[in-house]
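Report on the structure given below.
Nothing here was measured: the structure is a model prediction, and the numbers come from that model. First the proteins, then the strands, lettered A, B, ... as listed; each starts at 1.
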There are 2 protein chains.
Amino acid sequence: MSLRHGLLGLLAEGPASGYDLTQHFQTALGTVWPAQHPKIYAELTRLAEDGLIEVESLGPRGRKAYRITGSGLVEIRRWLAEEPVDHTLRQEPLLRAFFFWLMTPEQLDAHLRQEAAFFSAAAEQLRSFAAAKDRGEFGSAPPTQSVRIAIEAGIRLYGALAEWAEWARDAPPVLPERPGAEIID
Amino acid sequence: MSLRHGLLGLLAEGPASGYDLTQHFQTALGTVWPAQHPKIYAELTRLAEDGLIEVESLGPRGRKAYRITGSGLVEIRRWLAEEPVDHTLRQEPLLRAFFFWLMTPEQLDAHLRQEAAFFSAAAEQLRSFAAAKDRGEFGSAPPTQSVRIAIEAGIRLYGALAEWAEWARDAPPVLPERPGAEIID
DNA sequence: GAGCGCATGTAAAGGGTTACATGATTCT
DNA sequence: AGAATCATGTAACCCTTTACATGCGCTC
């Protein structure tokens, strides 16, 4: 149930509408915590019901901006400081790795090349984003500093995966005992 | 819907019961793809209905072992080779990083210390597991080699996160423009 | 005035976790 | 005999995604 706190955290920076928040969850935040608009709108309604946020203003096209309340701020801080961290890792690319032995060497090499390319590109994109931050393009307010730290984690994560995929490509050759035996069903 | 293929992949190694598979998903596999027994039993039933696996034997205490079928093997290989990889990353620890600026310096330091400890321990555990594999304690059959590769990814991932947490601890000090202003609500 | 982007929502279905429920076998 | 472990399953709930649905406002 972290989307709730993700929204609360974003609203701690200032008022925003469901639409605004959806944009956030489609860029930087979305890389580590994906969320689509139906869930966001629903959760905002619940947060308002619980008094953690409130409607700040109504704008054109039915726009509804929310503002975090005092209890909302208390709640996000409580969550950050007291709630145990959920370290769950769920990575399809790593699940697949357990079954690499079912692929032909050609398939595996092609796969790992694609994976390495994907992860390198992801790392690179974050790196250029971080560089812009470091150049001061987004100011140096505390939220911006935190985004910089979060991005650093992404850079290191994707970097590690890219290197892993390259390592896996040539390092341990998968040699069936009876060559080809596993490939025929 | 990758649990389906996770089960198929495990059954490609040999027959197993829902209970056996649950154990698998609580150790190595579980680190990258958690799954609980209710989902596993349900999915096994569906896989059997679809003819991708079949009951191999009935044992004591109602034990029901499944075996992968020809079409099951075709399906897992098709998935590995053709189905696009889902790169979704969802990491609560990284979501929290976006909101570090809402924590007091003391809270943040304590938090990062705990995180670093957690990730180091996770990496270390996988490292010793990998060392056992490298000593040949589990043989050198193709599935074992793949497990080794998967574990290597986990080691690098957790290692990167551990280093990140250490880096974040002392690197960029979060200095509010008006000291303390953001901490009071 | 056509098209795009802004803006919000509902409904249905899928995927996963937790709690509940039960019983057999093995080990001490 | 009692405890631990093996073993399977159902029910309720939660979270998330995808598809459907609608309409306003701005720009060309």
Side-chain angles (χ1 to χ4, degrees), chain A residues 1-8 10-11 15-27 29-50 53-66 79 83-84 86-92 95, chain B residues 1-8 10-11 15-27 29-50 53-66 79 83-84 86-92 95:
Chain A
M1 228 230 296
S2 301
L3 174 59
R4 193 175 177 77
H5 295 101
L7 293 170
L8 231 33
L10 285 179
L11 287 171
S17 69
Y19 189 85
D20 297 338
L21 295 163
T22 301
Q23 309 304 107
H24 270 285
F25 275 96
Q26 250 142 35
T27 53
L29 254 189
T31 23
V32 298
W33 202 267
Q36 281 67 39
H37 74 94
K39 192 72 220 293
I40 291 171
Y41 287 116
E43 198 62 52
L44 285 172
T45 305
R46 284 198 52 212
L47 281 164
E49 276 166 15
D50 296 346
I53 64 174
E54 60 194 12
V55 175
E56 182 244 3
S57 67
L58 298 171
R61 283 167 281 191
R63 181 188 163 92
K64 213 193 293 177
Y66 291 92
W79 179 71
E83 206 67 27
D86 177 2
H87 289 103
T88 305
L89 179 67
R90 190 178 231 118
Q91 275 274 90
E92 207 209 71
L95 175 65
Chain B
M1 227 229 295
S2 302
L3 174 59
R4 192 175 178 76
H5 295 101
L7 293 170
L8 231 33
L10 285 179
L11 287 171
S17 70
Y19 189 85
D20 297 337
L21 295 163
T22 301
Q23 308 303 109
H24 271 284
F25 276 96
Q26 250 143 34
T27 53
L29 253 189
T31 22
V32 298
W33 201 266
Q36 283 70 35
H37 74 94
K39 195 76 220 296
I40 291 171
Y41 286 115
E43 198 62 51
L44 285 172
T45 305
R46 283 198 53 212
L47 281 165
E49 276 167 15
D50 295 346
I53 63 175
E54 60 194 11
V55 176
E56 182 243 3
S57 67
L58 299 170
R61 283 167 281 193
R63 182 189 163 90
K64 213 193 294 178
Y66 290 92
W79 179 71
E83 207 66 29
D86 177 2
H87 290 102
T88 305
L89 180 67
R90 189 178 233 118
Q91 275 273 89
E92 206 210 70
L95 174 66

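Contact between A:Trp79 and B:Glu92 at its shortest, heavy atoms only, is CZ2-CD, 4.0 Å. In terms of heavy atoms, B:Leu44 sits closest to B:Ile53 at O-CD1, 3.5 Å. What you find for A:Ile40 and A:Gly18 is that their closest heavy atoms are CG2-O, 4.1 Å.
B:Asp20 places none of its side-chain heavy atoms less than 4.5 Å from the side chain of B:Leu10.
Of the inter-residue distances, the one linking B:Thr45 atom OG1 with B:Lys64 atom NZ reads 6.0 Å to the nearest 0.5 angstrom. Considering CD of A:Glu43 and CE of A:Met1, their distance stands at 7.0 Å, rounded to 0.5 Å.
When rounded to the nearest whole Å, the span between CD of B:Gln23 and P of D:dC6 equals 6 Å. The CD atom of B:Glu43 sits 14 Å away from the P atom of D:dT10 (whole-angstrom rounding). Here the P atom of nucleotide D:dA21 and the NE2 atom of A:His37 are 14 Å apart, to the nearest Å. In this entry the distance linking CE of A:Met1 with P of D:dT16 reads 10 Å, nearest Å. The interatomic distance linking A:Trp33 (CH2) with D:dT16 (C1') rounds to 11 Å, in whole Å. Taking atom CZ of residue B:Arg63 and atom P of nucleotide D:dT8, one finds them 7 Å apart after rounding to whole Å. Going from atom CD of B:Gln36 over to atom P of D:dT10 covers 17 Å, rounded to whole Å. A:Phe25 places its CZ atom 13 Å from the C1' atom of D:dT16, with the value rounded to the nearest Å.
Note on B:Arg4: nothing from the nucleic acid sits closer than 4.0 angstrom, heavy atoms only. At the heavy-atom level, B:Thr22 lies nowhere under 4.0 Å from the strands shown. Residue A:Arg90 is in sugar-phosphate contact alone, with no base atom involved, counting any heavy-atom pair closer than 4.0 Å across all strands shown.
When the side-chain contact (heavy atoms from CB on, under 4.5 Å) test is applied to A:His37, the partners found at least two apart in sequence or on another chain are A:Thr22, A:Tyr41.
Ion pair A:Arg90/B:Asp86 not flagged as a salt bridge, since none of the NZ, NE, NH1 or NH2 atoms sits closer than 4.0 Å to an Asp/Glu carboxylate oxygen. Taking 4.0 Å as the cut-off between side-chain N and carboxylate O, B:Glu49 and B:Arg46 do not count as a salt-bridged pair.
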Q) Just by protein heavy atoms under 4.0 Å, how would nucleotides 23-28 of chain D read 5' to 3' in B, S and -? A) BBS---
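DNA chain C is contacted by both B:Pro38 and B:Arg46; B:Arg46 maps to the nucleotide lying nearer its 5′ end (nearest heavy atom per residue). Where A:Ala35 and B:Asp20 each meet DNA chain D at their nearest nucleotide, the meeting point lying more 5' is that of B:Asp20.
For DNA chain C, the span of nucleotides reached by chain B at under 4.0 Å from its heavy atoms goes, 5' to 3', from C:dG15 to C:dT26.
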